Amino acid sequence: MSEVLLEAREVSKRFGGVKALTGVSLTIRRGEIYGLIGPNGAGKTTFFNCLTGLYVPDGGGFVFDGQPLQADAPQKAAVRGIARTFQNIRLFPEMTALENVMVGRHVRTCAGVLGAMLRTRATQLEEARIRRRAEELLYYVGIADRAGDLARNLSYGDQRRLEIARALATEPRLLCLDEPAAGMNGAETEALKGLIDGIRQDGITVLLIEHDMKLVMGLCDRLAVLDYGQKICEDVPAVVQKDKRVIEAYLGEVPEDA
Amino acid sequence: MRHPILRALLRLSRHKALLLLGGGAILLALPFVAMLGGQAWVRILDLAILYVFLALGLNIVVGFAGLLDLGYIAFYAVGAYTWALLASPHFGLHLPFWVILPIGALLACLFGVLLGAPTLRLRGDYLAIVTLGFGEIIRIFLNNLNAPVNITNGPQGITLIDPVKFGAFSFSSRTEIFGYTLVGPQKYYFLLLALCVLVVGINYRLQHSRIGRAWQAIREDEIAAKAVGIDTRNMKLLAFAMGASFGGIAGGIYAAMQGFVSPESFSLIESIMVLAMVVLGGMGHIPGVILGAVLLAVLPEALRFAVLPVQQALFGKVLVDPESLRMLIFGLALVLVMRFRPQGLWPSPERKRELLAGQEGRT
Amino acid sequence: MDTLLQQLINGIVQGSIYALVALGYTMVYGIMGLINFAHGEVVMIGAMVAISALGALMALGLPMGLAAPLALAAAMLVCMGLGAGLERIAYRPLRNAPRLTPLITAIGMSIILQNLAMMIWSRNYLTFPSLIEKVSFEVAGAHFSNVQALIVVLAGLSMAGLLLLVYRTRLGMAMRATSQNLAVARLMGVDVDRVIAAAFIIGSAMGALAGFMVGAYYEIAHYQMGFMLGLKAFTAAVLGGIGNLAGAMLGGLLLGIIEALGAGYIGDLTGGFLGSHYQDIFAFVVLIGVLMFRPSGLLGEKTGERA
């Protein structure tokens, strides 16, 4: 087993005349927290969407766990073990928190129509397992007490946590988080940091898009910086912080003592 | 078989168990009460239950998976014509029901898949129009496939269709049981009721399964559903095919019960009628759909009996015939319900669901 | 090859009528994303009002040259009112509702209008009086009449008028802005309610004209005539790229021609198995085909899925 989990090779994506990504290559190692940062519009979310099959790249591709990723449909990415959250939270609003996570188990379970109609022993057992796992995950992200609430009635921070629980339910090897701390206050961000660190401890590799530099610098093992769709830097946080091009790209947005 | 049912009954609260037993008793007594008013009333009951069956089939498509199907009656037609062609003097075939019903269901399912496969990735309102067009195509074919080779017998339809028969026990004739004479429509009532209980069970179990959750997820946010690994196209296709199969079965029973089918029973307005039952009752909520189906199936009959005398009494002549009044009320009901109660007359009580999940979810 | 030319002529005439109706669908869809299912009934009511008006005017002794334009004006006025009423009463309250809600409302309105029309004008086929002395021309073995020529010319003129309106006036600019982004257009001070109402009114006026033409062409009208016509016109709009005005015109003409050629040759193609009474299925086959292979239509822009 090589230590590289994901390799992006020369990924390019255009929208009409706009080059959202130009030849972006990067490697993510097993068990690390990898940050993807850059100014607004740098192409971070586009990269996510290409990786998770929402967009089909115009050029280049991904190798995941030694196998090329057929990134033409999101469900295939999930089957391979890539889960994601969305920048603008996308939950199933009229389902309870518990049901949201149970849906996440879909891809790792197999009960079909016949099993459901006849309610066979196997189906019942599987259903119980799904439920138990979902409850565990809610507890894990810290919202077990909201299990029965409809997703749309949860607070913003809890919705973010629920989305992570749902992604974890698919048993990913790579968890992609798109600005998980957006809109969170200091205490919530701190708790989130603990959660992401715990996820990594459990052996799941994390790819993180984030604007909160304190969180990124404190959490990530390595980062890549995108600017105008191109990777301008890839290294450990201490080096990235000192990189001239990065500082230029951010126009001094990077706090010097972070 | 009795054991789990008994257990399930015992688990219910006393209130619910009473409701269930009372409801069951009423359902069993209904055809005998209706018979007092004549066979016509029993027939109305039969049709109402058939509509419940159909509406529950469509509920899988519209209510669970959120796909608007405006051509549902086409699958009903496929089932009905399958029965009609395989069990009537038209081709001289008289196959037994346990052969024809599965063929009808499979054929309808096949049509569903053929139609759904290319169109289900489209946006919802496009799907609606395509299914509508499909319904019309089926009807045009039924109307015209009598020349040069006579397959459907055209607009005249097919007559003398075999009834449902278990061996020598025919559902269309009279039977003496315990000194009481059961007429055909009463026997069909019990057959349909049994089928309906079955389909309610299937609906309920599907809804609360891995598949049902996937459907609801697709309905609420398709992109998020894909992101957690649900193959949305296959899931939609599954819902579509299942709905179609139920339509096919209902169609077969309809053909056997009426003994006669013709293309005009399968017009667009029938599709819309079944859709309205689902929508007015409460999409995705099984009791609501049943209520919608019963209301829309029985109300017009009641109107038919009431409208003429009332108009005679008020105006001294008939100004509006019951059929068009029925359609007017029907159209108005669609518009008003969408405006003031878009979730339907009896939507699913989500609060209760919340509480239930909450109790079990606490750790 | 005389039948080919003949079928082409028939197709173009029928196609210009489809195009007129398709414009009504496409304008409303372009601006607010709604399939106005009841538009076909508006066309039917246009034809019905025209018949009643013609009857009344001729009973007053007006010459046809005067009665016909007046009847057309009456039909257009009634339909414009109807379109505005539909929008105000049925659709406006649902503007933020889920997609399927207004679609079901539209189906309900369609049923209501059809049955009202049946109560007013009976369930019989009504004869549309012939408006002008029919003169037939012959070119290369194919026949066409002055009525057909008039239909094509009138349809062309009104479409040109619509294009002028949309691309050369302030209202047109507001309409284009609203169809690009309703929320932003409102922020820029566009009276969005007025723009949407205008789309319904203009579409209905063109629908009335189409209804009048169908009546004059086939010399018959029926309360159910709008349904199939509407469905086909919608197909035409999808074929051209829904939301796109030029697309609706192109789609209408193409559909008319496909239908006419299809009906003319289906017998030969299937060895006599399917006859010309299958004419109605062409529209649906085209619809399903377009949606399968090019859902954005011939002139529509490709729209990607958004994350």
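Below, all heavy atoms of this structure are taken into account, side chains as well, without hydrogens, waters or symmetry copies. Just so it is clear, the structure is predicted and the values come from calculations on it, not from any experiment.
Looking at B:Leu336, neither its backbone nor its side chain comes within 4.5 Å of chain C, counting heavy atoms on both sides. For a residue to count as touching a neighbouring chain, one of its non-hydrogen atoms must lie under 4.5 Å from one of that chain's; by this rule B:Phe330 touches chain C with the side chain only. With a 4.5 angstrom heavy-atom cutoff, C:Leu94 touches chain B only via side-chain atoms. Residue C:Tyr29 touches chain B through its side chain alone, counting heavy-atom pairs closer than 4.5 Å.
Ranked by heavy-atom pairs shorter than 4.5 Å toward chain C, the options B:Leu334, B:Asn144, B:Leu332, B:Leu268 are led by B:Asn144. For the options C:Thr235, C:Leu116, C:Ile104, heavy-atom pairs under 4.5 Å to chain B are most numerous at C:Ile104.
The number of heavy atoms from other shown groups lying within 6.0 Å of CZ (C:Phe227) is above 12.
Residues of residues 269-279 of chain B having a heavy atom under 4.5 Å from any heavy atom of chain C, listed by number: B:Ile269, B:Ile272, B:Val279. Of residues 117-126 of chain C, those residues with a non-hydrogen atom less than 4.5 Å from any non-hydrogen atom of chain B are, in numerical order, C:Met118, C:Met119, C:Arg123.
Two residues are said to be in side-chain contact when any heavy atoms from C-beta on lie closer than 4.5 Å; B:Phe134 and C:Leu287 fail this criterion. Looking at C:Thr105 and B:Arg339, their side chains never come closer than 4.5 Å, going by heavy atoms from C-beta outward. A 4.5 Å side-chain heavy-atom check between B:Val130 and C:Phe284 finds every atom pair outside the cut-off. Annotation: side chain of B:Met327 is not in contact with side chain of C:Gln114 (no heavy-atom distance under 4.5 Å). Side-chain atoms of C:Ile107 and B:Leu70, non-hydrogen and from C-beta on, do get closer than 4.5 Å to each other.
Not counting sequence neighbours, the partners of B:Asp221 by the side-chain hydrogen bond (donor to acceptor under 3.5 Å, both in side chains) test are A:Arg90. Residues forming a side chain to side chain contact (heavy atoms under 4.5 Å, CB included) with C:Arg88 (at least two apart in sequence, or on another chain): C:Arg92.
Atoms CD1 and CD1, on C:Ile288 and B:Ile137 in that order, are 4.5 Å from each other to the nearest 0.5 Å.
Summarising the geometry of B:Ala128 relative to C:Leu103, their closest heavy-atom pair is CB-CD2, 3.8 Å, with the distance given to 0.1 Å.
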